[in-house]
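These notes concern the structure reproduced below.
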Amino acid sequence: MLSVSSSLASLDYGKQIHATAIRTGQVSSVSVGNALLSMYSKAGSISGAKQVFNLIDWNRDTVSWSSMILALAQHGLGEESIELFEKMLSLGIRPDHITYVGVLSACTHVGLVKQGRSYYNLMRSVHKIEPTHSHYACMVDLLGRAGLLQEAYDVIQNMPIEPDVIAWGSLLSACKLHKNVDLAKVAAEKLLLIEPDNSGAYSALANLYSACGRWADAAEVRKLMKKRKVKKGQGFSWIEYQNKVHVFGVDDWVHSQRDGIYKMMEKIWEEIKNIGFVPDTESVLHDVAEELKEKMLMHHSEKLAIAFGLINTPDNSTLRIMKNLRVCNDCHTAIKFISKLVGREIILRDI
């Protein structure tokens, strides 16, 4: 039940189960405590996860520590995650392979390449943990985001196990970030050999060509995608309100409150621009006018879900939004400005 609550971002249901666990005395169980910690984290409540972690202080196991380290990393609290990992080591608690996934992810979020390398070596030399696909993917992501693309590629090339979709996908994302077309083509081709129907690889390569102004190449990739009958997954965002899940797509005109939602979004858009927000029109990978690019950005599904939440939920309440695809750079930045503008906590989780 806790897993269902976290997957739906239904914090209220999760809290009800937590209350039941307290009443029945099961909350003292380390397995229940760990499940609660995971539920709060996945539902976007890092404060709730911290509270559970602190309450099971006397009963923590490696899973508890690993879950909290990973939760902090996933919420962008890389420094706290690393501090907790160091505390774990100082208490003589042996980390496992999941712990290292968490701390390597934390190093990636904070950009600590040197420290990430150090932990990777510690994992192998001291704790005798052989890297899994997840650890290699973390290292590729760490190095790739830092712009060390050749070194990230070398990690994949030297893997003693066959590289998977995640490793090549991490390299492809890094190439897109740093606009390295040649290596991106290699990563995309390798990824598609493993998973020919992976629409993300086609889209990433086409988007990279578009970002570099190579519109003809981008069109060729999309043409190839169509020829091979590969369909791109549609992005959706959803928010729970009054025990009902409201789902939004990009440029969504289906919702019964669509007129109010679009008016709210237009109002907010102008107001956040007035306080310093600059739309990232480079996130729109179509050869269209800047004004149209802004309109397309304004109508991303997560922004529409937020507008719905602002209309319908009480002031000062937290908005929790889920999305099935990765959030774009513009939405990341815009949502920070919206949160500042309206004085409300907005938690957006892509899964």
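Connection of L177 to V110 is not established within any shared hydrophobic cluster, with ILVMFWY side chains joined at heavy-atom distances below 4.5 Å, either directly or through further cluster members. No chain of hydrophobic side-chain contacts below 4.5 Å, direct or via other Ile, Leu, Val, Met, Phe, Trp or Tyr residues, connects I98 to L36. Residues F277 and L310 fall within the same hydrophobic cluster, defined by Ile, Leu, Val, Met, Phe, Trp and Tyr side chains chained together at heavy-atom separations under 4.5 Å. Neither M88 nor W58 shares a network with the other; the hydrophobic side chains, linked directly or stepwise wherever heavy atoms of I, L, V, M, F, W or Y lie under 4.5 Å apart, form separate groups for each. Under the 4.5 Å side-chain heavy-atom criterion for grouping Ile, Leu, Val, Met, Phe, Trp and Tyr, L77 is connected to M68 within one hydrophobic cluster.
Counting heavy atoms from C-beta on, the side chains of L192 and E189 never come closer than 4.5 Å. The shortest distance between side-chain heavy atoms of I335 and I306 falls below 4.5 Å. Annotation: side chain of M322 is not in contact with side chain of F236 (no heavy-atom distance under 4.5 Å). Between N121 and R124, every side-chain heavy-atom pair lies at or beyond the 4.5 Å cut-off. Between I161 and H133 there is a side-chain heavy-atom pair separated by less than 4.5 Å. The side-chain heavy atoms of T313 and F308, taken from C-beta on, include no pair separated by under 4.5 Å.
Aromatic pair Y119/F85: ring centres closer than 6.0 Å. A distance below 6.0 Å separates the ring centres of H255 and F248.
Of all heavy-atom pairs between L70 and G102, the closest is CD1-CA, 3.5 Å. Taking all atoms of both residues into account, the shortest heavy-atom contact from A184 to L208 is CB-CD2, 3.3 Å. When all heavy atoms are compared, the tightest approach of V230 to P196 is CG2-O, 4.0 Å. Nearest approach of I156 to P163, heavy atoms of both residues: CG2-CG, 3.6 Å. Residues S41 and Q74 share a closest heavy-atom pair of OG-OE1, 4.2 Å. Across S170 and V140, no two heavy atoms sit closer than the pair CB-CG1, 3.9 Å.
Here the side chain of H109 pairs no donor or acceptor atom with the backbone of G78 at under 3.5 angstrom. For D330 (side chain) and D280 (main-chain N/O), a donor-acceptor pair under 3.5 Å exists by modelled atom type. A donor-acceptor contact shorter than 3.5 Å links the side chain of H135 to the backbone of T132. Side-chain atoms of N324 come within 3.5 Å of backbone N or O of Q234 as a donor-acceptor pair. In this structure a side-chain-to-backbone donor-acceptor pair under 3.5 Å is present from N34 to V30. Put simply, the side chain of T99 gets close to the backbone of D96: a donor and an acceptor are under 3.5 Å apart. Between the side chain of N180 and the backbone N or O of K176 there is no donor-acceptor pair closer than 3.5 Å. With hydrogens and angles ignored, the 3.5 Å screen pairs no side-chain donor or acceptor of S339 with any backbone N or O of K336. Judged by distance alone, with hydrogens and angles left aside, the side-chain atoms of K229 form no donor-acceptor pair with the main-chain N or O of K226 at under 3.5 Å. Checked by atom type and distance alone, the side chain of R349 pairs as donor or acceptor with a backbone atom of K42 at under 3.5 Å.
We find that K263 and D259 are not joined by a salt bridge, their nearest charged nitrogen and carboxylate oxygen being 4.0 Å or further apart. Between K190 and E162 there is no salt bridge, since none of the side-chain N atoms of the basic residue sits less than 4.0 Å from a carboxylate O of the acidic one.
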- request: Apply salt bridge (Lys or Arg N to Asp or Glu O under 4.0 Å) to E271 and K267, showing your working.
  value: CA-CA 6 Å; E271 288 178 355; K267 177 176 177 289; 3.1 Å; yes
field: Test salt bridge (Lys or Arg N to Asp or Glu O under 4.0 Å) applied to E290 and K293, step by step
entry: CA-CA 5 Å; E290 288 294 304; K293 286 184 178 183; 3.7 Å; yes
- request: Apply side chain to side chain contact (heavy atoms under 4.5 Å, CB included) to the pair H178 and S173, showing each step before the final yes or no.
  value: CA-CA 9 Å; H178 297 287; S173 295; over 6 Å; no
- request: Mind running salt bridge (Lys or Arg N to Asp or Glu O under 4.0 Å) on R320 and E240 for me, showing each step along the way?
  value: CA-CA 8 Å; R320 287 183 169 80; E240 185 188 4; over 6 Å; no
- prompt: Between D57 and L55, is a side chain to side chain contact (heavy atoms under 4.5 Å, CB included) present by the stated rule, with each step listed?
  reply: CA-CA 5 Å; D57 178 49; L55 286 171; over 6 Å; no
task: Start with the C-alpha gap between R214 and E220, add the side-chain angles, then the distance that decides, and say whether salt bridge (Lys or Arg N to Asp or Glu O under 4.0 Å) holds.
output: CA-CA 10 Å; R214 294 171 57 171; E220 280 299 315; over 6 Å; no
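Between the side chains of Y40 and H18, at least one donor-acceptor pair of N or O atoms lies under 3.5 Å. Under 3.5 Å, the side chains of D154 and Q150 contain a donor-acceptor pair of N or O atoms. Counted by atom type alone, D61 and S64 present one or more donor-acceptor pairs between their side chains at under 3.5 Å. Residues E294 and W269 have side chains that bring a donor and an acceptor to within less than 3.5 angstrom of each other. Judged purely by distance below 3.5 Å, without hydrogens or angles, the side chains of R344 and S317 pair a donor atom with an acceptor atom. With hydrogens and angles left out, the side-chain atoms of D252 and S301 include no donor and acceptor closer than 3.5 Å.
Of the inter-residue distances, the one linking L142 atom CG with S105 atom OG reads 9.5 Å to the nearest 0.5 angstrom. Residue L348 holds its CG atom at 10.0 Å from NZ of K303, rounded to the nearest 0.5 Å. Atom CD1 of I261 and atom CD1 of I311 lie 5.5 Å apart (nearest 0.5 Å). One finds the CG atom of L172 at 7.0 Å from the CG atom of L205 (value rounded to the nearest 0.5 Å).
A side chain to side chain contact (heavy atoms under 4.5 Å, CB included) with W168 is found for one member of L193, N198, I194 and no other, namely I194.
For R60 and F53, the positive end sits near the middle of the six-membered ring, less than 6.0 Å away and at most 45° from its axis.
Judged as a side-chain contact (heavy atoms from CB on, under 4.5 Å), and not counting sequence neighbours, the contacts of T24 are T20, Q26. Residues passing the side-chain hydrogen bond (donor to acceptor under 3.5 Å, both in side chains) test with E291: none are found, sequence neighbours excluded.
Surrounding NZ of K87 are at most 12 heavy atoms belonging to other residues, nucleotides or ligands under 6.0 Å away.
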